[in-house]
K.L.:
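Handing you a structure now.
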Amino acid sequence: MKKVLTIAGSDSSGGAGIQADLKAFSAHGVFGMSVITAVTAQNTQGVFAVQDIDVAVIDKQIEAIFDDITVDAVKIGMVSRTETIKAIANGLKKYNAQNIVVDPVMISKSGYYLLQPEAVEALISYLLPLASVVTPNIPEAEEISGLKIHSLKDMEEAAKFIHQLGPKYVLLKGGHREDDATDILFDGESYQHLSTPRIATQNTHGTGCTLSAAIAANLARGYSAQEAVSKGKEYIHTAIEHSFAIGKGVGPVHHFYNLYKGAGMLNDE
Ligand SMILES: Nc1ncnc2c1ncn2[C@@H]1O[C@H](COP(=O)(O)OP(=O)(O)OP(=O)(O)O)[C@@H](O)[C@H]1O
Ligand SMILES: Cc1ncc(COP(=O)(O)O)c(N)n1
C-alpha cells in the first residue's frame, strides 16, 4: 500500500486540515500519516484559538516517520509560522522527500490568519522550491505574486510568476471566482484550464485541503502530475456535490461517496 504524509494543522470540527487530508487519503486507498503543526479550535462558524506545536516536536514527528517508513508523497497545509516552515523544509530535504504538494494555506474561509503574515516570505523561499505541485487559491496567489487577479488571463499571469519561484507545477484554484470553478495548471510552458460548473452550496469547508490531499494520494499511486491534478479536480467536485450541512455555518465536503454509494448508504444520517 502507498504511504502518504500530511503536514498540517488539526481542525477540531473535522472539515479541513489534518482530518480532511486523512479522510481523502483513506478514500483514495492510501495509508495516511500526519505531522501536526498546530492545533486549532474551530467549527463550521470560525476559528477560535490556535496552539502552535513546538518545533522540536515537529522535528521529532518528521524523524519518527521517515526513519521508519517509506513515504510515497507529502502534502503540506497550514504551517503557521516561520520556525515551523524552516523545520519542515530541513526535514524534507534531509530525507529527500519526493512528490511534495504544497497548499499555501493563509487565511481560513472565516477570515482567521492560519499563516502569520510575516511568515509568507519563508513559505515562498523555503517551501515553494520543494514543491512538485503548489495549489494557491486566488487570494493566496495575489499575496505570493503581488499581482491582482480579476480574470482568467490574470490567473495565468500569476501562475507564471509563481512558477519561477521554484515549484514544478502551479495549480491556481478558481474556487473564489464568481463564474465557473476554473482552475489553471501551469508547467512552465503551457496552461491547462480545468473547469467544472460552480455548485450552489455554502458547504465548502476544507475544499482546498481535500484537493491537495487527493493530488498527493494520486502522485503516490504513480499518476503523472497532470493526471493527479485532473483526478483530484474530479474528486473535489464530487465531494462538494455530496457536501453536508452540519453545524450552523460552512459545512464540510463528503469523502466517502464512492464507498457509500456502493453500500446504498449515501445521505444516511
Ligand atoms: N462551489 C464550488 N463548485 C465547484 N467547485 C468548487 C466550488 N468551490 C470551490 N471549488 C473547487 O474546489 C477546489 C478548491 O478551491 P478553492 O479555491 O475553494 O480552495 P481554497 O480556497 O484553498 O479552499 P479552502 O480554503 O476551503 O481549503 C478547486 O478545484 C475549486 O475550483
Ligand atoms: C487546520 C486548518 N487548515 C486549513 C484550513 C483551511 O480551510 P478553509 O479555508 O476551508 O477554512 C482550516 N480552516 N484549518
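Computed from heavy atoms alone, side chains included, the values below leave out hydrogens, waters and symmetry copies. For ligands, and for the atoms within them, numbers begin at 1 and follow the listed sequence. In this text, all values refer to a predicted model and were calculated from it rather than measured experimentally.
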K.L.:
Using 30° and 60° as the class limits, which term best fits the ring planes of H28 and Y235: parallel, tilted or perpendicular?
P.N.:
tilted
K.L.:
At less than 4.0 angstrom from any non-hydrogen atom of R198, what atoms of ligand 1 do you find?
P.N.:
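Counting atoms of ligand 1 from 1, those under 4.0 Å from R198 are 1 (N), 2 (C), 3 (N).
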K.L.:
Salt-bridged, K94 to D59, with N to O below 4.0 Å?
P.N.:
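Result for this pair is no, no salt bridge flagged.
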K.L.:
Any salt bridge linking K231 with E234? Criterion: basic side-chain nitrogen under 4.0 Å from a carboxylate oxygen.
P.N.:
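No salt bridge links K231 with E234.
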K.L.:
After noting the C-alpha distance and the side-chain angles of K153 and E156, does the key distance pass the salt bridge (Lys or Arg N to Asp or Glu O under 4.0 Å) rule?
P.N.:
CA-CA 5 Å; K153 193 79 204 138; E156 290 186 351; 3.3 Å; yes
K.L.:
Hey, is ligand 1 close enough to T201 that some N/O pair sits below 3.5 Å?
P.N.:
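The answer is no, given that T201 and ligand 1 share no N or O pair closer than 3.5 Å.
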K.L.:
Do any N or O atoms from the side chain of K23 and from the backbone of G15 form a donor-acceptor pair under 3.5 angstrom?
P.N.:
no
K.L.:
Any nitrogen or oxygen of D183 lying under 3.5 Å from a nitrogen or oxygen in ligand 1? Just yes or no.
P.N.:
yes
K.L.:
Please answer: with hydrophobic residues joined when any side-chain heavy atoms are less than 4.5 Å apart, are I215 and V102 in the same cluster?
P.N.:
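No, it is not one cluster - the side chains of I215 and V102 are not joined through contacts under 4.5 Å.
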K.L.:
Report all protein residues having a heavy-atom distance below 4.0 Å to some atom of ligand 2; order the list by chain, then number.
P.N.:
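These residues qualify: G9, S10, A16, G17, Q42, M78, V105, S108, K109, L114, H205, G206, C209.
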K.L.:
May I ask you to identify, for T135, whether its side chain, its backbone, both or neither come under 4.0 Å of ligand 1 on a heavy-atom basis?
P.N.:
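It is neither; nothing of T135 touches ligand 1.
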K.L.:
Considering distance alone, does some N or O of H237 sit under 3.5 Å from an N or O of ligand 1?
P.N.:
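Min N/O separation from ligand 1 is not below 3.5 Å for H237.
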K.L.:
For atom 2 (C) of ligand 1, which protein heavy atom lies nearest, and how many Å away is it?
P.N.:
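Residue, atom and distance for the closest contact: I199 N, 3.7 Å.
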K.L.:
Between H254 and S243, is any side-chain donor less than 3.5 angstrom from a side-chain acceptor?
P.N.:
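On atom types as modelled, these side chains do not qualify, holding no pair under 3.5 Å.
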K.L.:
When the ring planes of H163 and F186 are compared, do they come out parallel, tilted or perpendicular, using 30° and 60° as the limits?
P.N.:
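Aromatic pair H163/F186 classed perpendicular.
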K.L.:
Below 3.5 Å, N or O to N or O, backbone or side chain included: is there any such pair between N137 and ligand 1?
P.N.:
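Between N137 and ligand 1, an N or O pair is found under 3.5 Å apart.
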K.L.:
Is any side-chain N of the basic residue among K233 and D183 closer than 4.0 Å to the acidic one's carboxylate O?
P.N.:
yes
K.L.:
Less than 4.0 Å between a side-chain N and a carboxylate O, is that true for E63 and K60?
P.N.:
yes
K.L.:
When only distance counts, is H176 in polar contact with ligand 1, meaning an N/O pair under 3.5 Å?
P.N.:
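Indeed, backbone or side chain, H176 has an N or O that close.
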K.L.:
Answer yes if Y126 and V74 sit in the same cluster of Ile, Leu, Val, Met, Phe, Trp and Tyr residues linked by side chain heavy atoms under 4.5 Å apart, and no otherwise.
P.N.:
yes
K.L.:
Out of all atoms in ligand 1, which are within 4.0 Å of some heavy atom of T204? Include the element for each.
P.N.:
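Under 4.0 Å from T204, ligand 1 has these atoms: 26 (O).
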K.L.:
Are H205 and V253 packed together at the side-chain level, in the sense that at least one heavy-atom pair is separated by less than 4.5 angstrom?
P.N.:
no
K.L.:
Geometry only, no angles: is G208 polar-contacting ligand 1 at N/O separations under 3.5 Å?
P.N.:
yes
K.L.:
Could you walk me through whether D154 and K148 pass the salt bridge (Lys or Arg N to Asp or Glu O under 4.0 Å) check?
P.N.:
CA-CA 7 Å; D154 295 341; K148 281 279 154 218; over 6 Å; no
K.L.:
Considering only the protein, which heavy-atom contact is closest to atom 5 (N) of ligand 1, and what is its distance?
P.N.:
A181 CB, 3.3 Å
K.L.:
Spell out, as yes or no, whether a donor-acceptor pair under 3.5 Å connects the side chain of E142 to the backbone of I149.
P.N.:
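At least one qualifying donor-acceptor pair exists.
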K.L.:
Counting heavy atoms only, which of G175, A141, S212, G77 is nearest atom 17 (O) of ligand 1?
P.N.:
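Closest candidate by heavy-atom distance is G175.
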K.L.:
Among all protein heavy atoms, pick the one closest to atom 7 (C) of ligand 1 and tell me residue, atom and distance.
P.N.:
I240 CD1, 3.7 Å
K.L.:
In ligand 1, which numbered atoms sit nearer than 4.0 Å to a non-hydrogen atom of I236?
P.N.:
12 (O), 29 (O)
K.L.:
Any sub-3.5 Å donor-acceptor pair from D52's side-chain atoms to A38's backbone N or O?
P.N.:
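Side chain of D52 to backbone of A38: no pair is present.
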K.L.:
Where is the nearest protein heavy atom to atom 13 (C) of ligand 1: which residue, which atom, and how far?
P.N.:
L211 CD2, 4.0 Å
K.L.:
Tell me: protein heavy atom nearest atom 18 (O) of ligand 1, and distance?
P.N.:
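Nearest protein contact, heavy atoms only, for atom 18 (O) of ligand 1 is T207 OG1, 3.0 Å.
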K.L.:
Measure the CG-OH distance between L185 and Y191 for me, rounded to the nearest 0.5 Å.
P.N.:
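So the CG of L185 and the OH of Y191 are separated by 11.0 Å.
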K.L.:
Would you mind listing which atoms of ligand 1 come within a distance below 4.0 Å of any non-hydrogen atom of K109?
P.N.:
23 (O), 24 (P), 25 (O), 26 (O)
K.L.:
Under 4.0 Å from any heavy atom of P197, which atoms of ligand 1 are there?
P.N.:
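Counting atoms of ligand 1 from 1, those under 4.0 Å from P197 are 4 (C).
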K.L.:
Using a 4.0 Å heavy-atom cut-off, say whether A16 meets ligand 1 through its side chain, its backbone, both or neither.
P.N.:
neither
K.L.:
May I ask you to list the atoms of ligand 1 that are less than 4.0 angstrom from any heavy atom of K173?
P.N.:
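Once the distances to K173 are compared, the set is 14 (C), 15 (O), 17 (O), 19 (O), 20 (P), 22 (O).
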